[in-house]
Number of protein chains: 2
Amino acid sequence: MDTTQRTDQQRSADRRRRELLEAADRVVLRDGPQASMNAIAAEAGITKPILYRHFGDKSGLYAALAQRHTDALLASLRAALDAPADRRERVEATLDTYLAAIEARPQVYRFLMHPAEGTQSSDQGFDVGQHSVPLLRRMGEELAQVIEERLDLGPGSQQLARVWGHGIVGMMHAAGDWWLGERPCSRAELVRSLADLLWGRLAAAGDRVGGPGF
Amino acid sequence: MDTTQRTDQQRSADRRRRELLEAADRVVLRDGPQASMNAIAAEAGITKPILYRHFGDKSGLYAALAQRHTDALLASLRAALDAPADRRERVEATLDTYLAAIEARPQVYRFLMHPAEGTQSSDQGFDVGQHSVPLLRRMGEELAQVIEERLDLGPGSQQLARVWGHGIVGMMHAAGDWWLGERPCSRAELVRSLADLLWGRLAAAGDRVGGPGF
DNA sequence: ACGTACATGTTACTAGCGGTAACCCGAGTC
DNA sequence: GACTCGGGTTACCGCTAGTAACATGTACGT
């Protein structure tokens, strides 16, 4: 029948798709998030329409590309979160894993945080949501789930866990972004400072004596 | 001499500039962050080259546009931060101010978080930094300053304050973005949850009894 | 052996973008 | 009147995302 044939074709198509993704990866790594479809096609040794046949449009390609890296990053984060250690150590390990990842491959990081460029979505107006970076959303939800199933937060725990998940991920992201740009301290110091923040040192700190304006 | 003349011209130029910015504002509010220069020029009743004479290029216009809103938002945040109340109240007021702002004018918010689109900067490669949203950086630095001059953090306080400033801003931003998209709870609840997080409830929470994998 | 269906690939194009060069015109000045 | 000069326009360039139409190889049924 055509079933065997179809699987064959599908396999070949999948191989091609993976090759194209790897080419795209190389180009994005070199040219940043604004890599053009032409450039990607050239890198892959073919021409544009093929890319469009495989991925629909640019955002399709970018989504596929982003998902690979996102999956990889999420896997290593999960490993750090699930390690058998006490809470503080796990939090620090997770922060460090994330920061090490963005430090090791900043171009990938840059791309992952930016894939929502010239989408020109059909609707004009009110959606407002989902413009944000999918990676952040996924990390937030993931962390929320871990928090909720590990911690005893009393009533409303699910909602609280989700707020915290997204909040902590945002904290990590913004601090990491700033740190990557300015490099004001070592990674270990950054991790420690952020963990201290989460551990309530902000609330525990004393007022400055003789502060500005008495 | 020409000094009076120059001021006259400058005044007129500034007026035009403000008019153009208001037109751009309207278009961005309507079309989102990918509003085209053509559209903005049309809204202002003129043609493209004038925009370019005034603002250099698109990122120049967007920067000017963003600064107005950024300044306004930062002013109200400063007010909340400087209110005469205890720390927890001030933190909650600041969070609430920010969230109320993005809730009231989501399109503006969306624009402010997105202005780094098709810049096609000359350099190819390594800068990595400064791709991030200027508003977030400014808020982070501002908050860092407040923290550092108000709190007694011991040695290394300046760096710690900066990490916390950017981290807290990122937390606020990510949580706000997620909340704006899903609206899972009221603003007040969100504020309370985030403040709880900053107050160390994460560290203080007990382990879930009979948790997964002991 | 022949036609046919189909995936794979190409060339050549459209529409729209950011950005610019060249020209145009009215107002003030010597 | 000639002359500059600020504000404005038309017409263009090079680039992008995306597409239509055409070419080619290859397995299949009859």
Side-chain angles (χ1 to χ4, degrees), chain A residues 1-21 23-24 27-28 31-65 114-122 124, chain B residues 1-21 23-24 27-28 31-65 114-122 124:
Chain A
M1 302 289 192
D2 46 7
T3 59
T4 63
Q5 214 176 12
R6 254 210 233 138
T7 51
D8 260 15
Q9 288 171 194
Q10 225 168 12
R11 259 165 220 233
S12 140
D14 278 9
R15 255 214 337 262
R16 286 279 188 276
R17 189 188 164 95
R18 235 171 292 168
E19 290 172 14
L20 298 186
L21 277 178
V27 175
V28 163
D31 295 356
Q34 75 276 17
S36 82
M37 294 298 265
N38 260 325
I40 294 173
E43 170 72 28
I46 45 109
T47 51
K48 272 194 300 178
I50 304 183
L51 284 181
Y52 284 94
R53 283 228 248 276
H54 274 268
F55 301 103
D57 63 353
K58 188 177 184 175
S59 70
L61 199 173
Y62 274 39
L65 200 50
H114 239 283
E117 307 254 317
T119 50
Q120 173 150 312
S121 68
S122 53
Q124 49 169 14
Chain B
M1 297 310 266
D2 48 7
T3 59
T4 62
Q5 219 175 7
R6 250 209 241 140
T7 51
D8 261 15
Q9 287 171 196
Q10 226 169 11
R11 261 168 219 229
S12 139
D14 279 9
R15 256 214 337 262
R16 287 281 187 280
R17 189 186 163 94
R18 236 169 291 167
E19 291 172 14
L20 297 186
L21 278 177
V27 175
V28 163
D31 294 356
Q34 74 277 19
S36 83
M37 293 299 264
N38 260 325
I40 293 173
E43 169 73 27
I46 44 111
T47 51
K48 273 194 300 178
I50 304 182
L51 284 182
Y52 284 94
R53 284 229 243 277
H54 274 267
F55 300 103
D57 63 352
K58 189 179 184 175
S59 70
L61 197 173
Y62 274 40
L65 200 50
H114 240 282
E117 308 253 318
T119 49
Q120 173 149 315
S121 68
S122 52
Q124 50 170 12

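Order of the sequence lines sets the chain letters (A, B, ...), proteins ahead of strands, with each chain counted from 1.
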Please report, rounded to the nearest Å, how far the C1' atom of C:dC17 is from the CE atom of B:Met37.
11 Å
Whole-Å gap separating C1' (D:dG6) and CG (B:Asp14):
15 Å
Atom NZ in A:Lys58, atom CD1 in A:Ile40: separation rounded to 0.5 Å?
7.0 Å
For A:Asp57 and A:Ser59, which I'm curious about, is there any donor-acceptor pair between the side chains at under 3.5 Å?
yes
Every protein N/O within reach of nucleotides 9-16 of chain C N/O, cut-off under 3.5 Å:
| unit_1 | atom_1 | unit_2 | atom_2 | d |
| --- | --- | --- | --- | --- |
| C:dG9 | N7 | A:Arg53 | NH2 | 2.4 |
| C:dG9 | O6 | A:Arg53 | NH2 | 3.0 |
| C:dT10 | OP2 | A:Thr47 | N | 3.0 |
| C:dT10 | OP2 | A:Thr47 | OG1 | 2.5 |

Between atom NZ in B:Lys58 and atom C1' in D:dC15, what is the gap in whole Å?
14 Å
For the pair made of CG in A:Asn38 and P in D:dG18, what is the distance, rounded to whole Å?
12 Å
Distance check, rounded to the nearest 0.5 Å: A:Arg53 atom CZ versus A:Ile46 atom CD1?
10.5 Å
Can you tell me the distance, in whole Å, between the CZ atom of A:Phe55 and the P atom of D:dG18?
13 Å
Can you tell me the distance, in whole Å, between the CD atom of B:Gln34 and the C1' atom of C:dG18?
15 Å
Take atom CZ of A:Arg17 and atom C1' of C:dA7, then tell me their distance rounded to the nearest Å.
17 Å
Does the side chain of B:Leu61 reach to within under 4.5 Å of the side chain of B:Met37, using non-hydrogen atoms?
yes
Expressed in angstrom and rounded to an integer, what is the separation of A:Tyr52 atom OH from D:dA21 atom P?
18 Å
Within a strict 4.5 Å, meaning less than it, do heavy atoms of the A:Phe55 and A:Leu20 side chains meet?
yes
Tell me if a side-chain donor or acceptor on B:Tyr62 pairs with a main-chain N or O of B:Pro33 at a distance below 3.5 Å.
yes
